[in-house]
Undergrad: 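Sharing a structure with you now.
When reading the values below, keep in mind they use all heavy atoms of this one structure, side chains included, and skip hydrogens, waters and symmetry mates. None of these values were measured; they are calculated from a predicted model.
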Amino acid sequence: MGASWNPDLMFEVATAISNEARALKNSGQKEVMMFSPTVNMARDPRWGRNEECYSDDPFLMSEMARMYVRGMQGNDPQYVKTVTTVKHYVANNVDKGRERIHSNINKKELYEYYFPAYKTCIVDEEATVIMTALNGLNGVPCSAHNWAVNGVLRNEWGFNGYVIADWAAVQGIE
């Protein structure tokens with residue numbers, strides 16, 4: 001999808017997915033919590049999950065993620081069509097040992113490169129759920145990172161939705 005460079009197409013795809021998910025929910029066959037979009041920056045082509053994210057460019061990633069969230073959640077003021085789970089917050093770009101590795105990234109790089117797509121999803125599109133990454137950030141597991149979760153997500157960006165941990169991330173907190 002990122003290679004299309006087409007946020008409008010992303011919106012159409014996400015709308016089709018959410019329409020099908022809502023139809024399945026309405027018939028009792030499926031829940032509407034989706035573990036997407038993946039807004040990890042595709043910084044290293046060797047990362048095994050690049051196909052899940054949209055770009056290595058913060059602006060393009062933000063626009064693609066924006067339109068995905070908008071298409072998935074719908075525009076009804078009374079309910080969310082599907083629950084988006086923006087993942088993996090933050091700097092989850094390694095394959096092997098993600099649950100044990102720490103990404104060491106300074107605040108300037110976080111704010112200029114890694115945070116923009118998350119911020120767009122939270123502030124502009126009011127995404128409903130954030131999934132923390134398996135990895136740690138600067139020596140602290142992302143799932144227990146007070147500054148990243150409470151300081152940035154909640155206090156700076158005003159996020160009042162759910163924060164969930166990825167897979168077995170909580171088990172790695174020591």
Undergrad: Is Phe115 reachable from Ile105 through a run of I, L, V, M, F, W or Y residues, each pair having side-chain heavy atoms under 4.5 Å apart?
TA: yes

Undergrad: Would you give the length of the straight line joining atom CG of Asp57 to atom CE of Met64, rounded to the nearest 0.5 angstrom?
TA: 11.5 Å

Undergrad: Using the side chain to side chain contact (heavy atoms under 4.5 Å, CB included) criterion, which residues pair with Ser62? Sequence neighbours excluded.
TA: Pro116, Ala117, Thr120

Undergrad: Go through the steps to decide whether Cys53 and Met61 satisfy the test side-chain contact (heavy atoms from CB on, under 4.5 Å), and finish with yes or no.
TA: CA-CA 8 Å; Cys53 52; Met61 177 68 83; 3.8 Å; yes

Undergrad: Which pair of non-hydrogen atoms, one from Ala21 and one from Thr82, has the smallest distance, and what is that distance?
TA: CB-CG2, 3.9 Å

Undergrad: Does any non-hydrogen side-chain atom of Cys142 lie less than 4.5 Å from one of Asn92?
TA: no

Undergrad: Which heavy-atom pair separates Val32 from Arg22 by the least distance, and what is that distance?
TA: CG2-NH2, 4.0 Å

Undergrad: Is the shortest side-chain heavy-atom distance between Met72 and Ile17 below 4.5 Å?
TA: yes

Undergrad: Of all residues at least two apart in sequence or in a different chain, which pass the side chain to side chain donor-acceptor pair (under 3.5 Å) check with Tyr68?
TA: Ser36

Undergrad: Does Asn40 offer a backbone N or O that forms a donor-acceptor pair with the side chain of Thr38 under 3.5 Å?
TA: no

Undergrad: Can you confirm whether more than 12 heavy atoms, excluding those of Asn160, are under 6.0 Å from its CG atom?
TA: no

Undergrad: Kindly give the heavy-atom pair with the smallest separation between Tyr89 and Val149, and that separation in Å.
TA: CE2-N, 4.4 Å

Undergrad: Taking transitive links into account, so neighbours of neighbours count too, which hydrophobic residues share a cluster with Val83 at under 4.5 Å side-chain distance?
TA: Met33, Phe35, Val129, Met131, Tyr162, Ile164

Undergrad: Can you check whether Leu60 reaches Tyr54 side chain to side chain, under 4.5 Å on heavy atoms?
TA: no

Undergrad: Checking Lys25 now: which residues fulfil salt bridge (charged side-chain N to carboxylate O under 4.0 Å, His left out) with it, not counting sequence neighbours?
TA: Glu31

Undergrad: Please report the shortest heavy-atom distance between Leu134 and Trp167, naming the atom on each side.
TA: CD1-CE3, 4.0 Å

Undergrad: Going by the rule side chain to side chain donor-acceptor pair (under 3.5 Å), which residues pair with Tyr114 if we only count those two or more places apart in sequence or in a different chain?
TA: Arg43

Undergrad: Could you check if a side-chain atom of His88 sits within less than 4.5 angstrom of a side-chain atom of Asp166, using non-hydrogen atoms only?
TA: yes

Undergrad: Please give me the minimum heavy-atom distance between Gly139 and Asn104, naming the atom from each residue.
TA: N-OD1, 4.3 Å

Undergrad: Under a single-linkage definition using a 4.5 Å side-chain heavy-atom cutoff for Ile, Leu, Val, Met, Phe, Trp and Tyr, are Ile130 and Val123 assigned to the same hydrophobic cluster?
TA: yes

Undergrad: Looking at residues at least two apart in the chain, or sitting in another chain, which of them share a side chain to side chain donor-acceptor pair (under 3.5 Å) with Thr132?
TA: Ser143

Undergrad: Can we call the ring centroids of Tyr118 and Trp157 under 6.0 Å apart?
TA: no

Undergrad: side-chain contact (heavy atoms from CB on, under 4.5 Å), that's the test. Do Leu137 and Leu110 meet it? Break it down for me.
TA: CA-CA 10 Å; Leu137 175 63; Leu110 285 168; 4.1 Å; yes

Undergrad: May I have all residue pairs that pass side chain to side chain donor-acceptor pair (under 3.5 Å) and include part of residues 147-156, sequence neighbours excluded?
TA: Tyr111-Glu156, Asn146-Asn150

Undergrad: With sequence neighbours excluded, what pairs up with Asp124 under the salt bridge (charged side-chain N to carboxylate O under 4.0 Å, His left out) test?
TA: Arg66

Undergrad: Do the non-hydrogen side-chain atoms of Tyr113 and Asp56 ever get within less than 4.5 Å of each other?
TA: yes

Undergrad: With sequence neighbours excluded, what pairs up with Glu52 under the salt bridge (charged side-chain N to carboxylate O under 4.0 Å, His left out) test?
TA: Arg49, Lys87

Undergrad: Could you check whether any side-chain heavy atom of Ser18 comes within less than 4.5 Å of a side-chain heavy atom of Gln73, counting everything from C-beta outward?
TA: no

Undergrad: So with a 6.0 Å cut-off around CG of Asn106, is the heavy-atom count from everything else above 12?
TA: yes

Undergrad: Please table the atom pairs, donor to acceptor, closer than 3.5 Å between any side-chain atom in residues 4-12 and protein atoms at least two apart or in another chain.
TA:
unit_1: Ser4; atom_1: OG; unit_2: Met1; atom_2: O; d: 2.6
unit_1: Ser4; atom_1: OG; unit_2: Asn6; atom_2: N; d: 3.2
unit_1: Asn6; atom_1: OD1; unit_2: Asp8; atom_2: N; d: 3.1
unit_1: Asn6; atom_1: OD1; unit_2: Leu9; atom_2: N; d: 3.0

Undergrad: If hydrophobic residues (ILVMFWY) are linked whenever their side-chain heavy atoms come closer than 4.5 Å, directly or via other members, who joins Leu24 in its cluster?
TA: none

Undergrad: How close do Leu153 and Ile122 get, counting heavy atoms only, and between which atoms?
TA: CD2-CG1, 4.1 Å

Undergrad: Just jot down the side chain to side chain donor-acceptor pair (under 3.5 Å) partners of Asn19, sequence neighbours excluded, or say none.
TA: Lys81

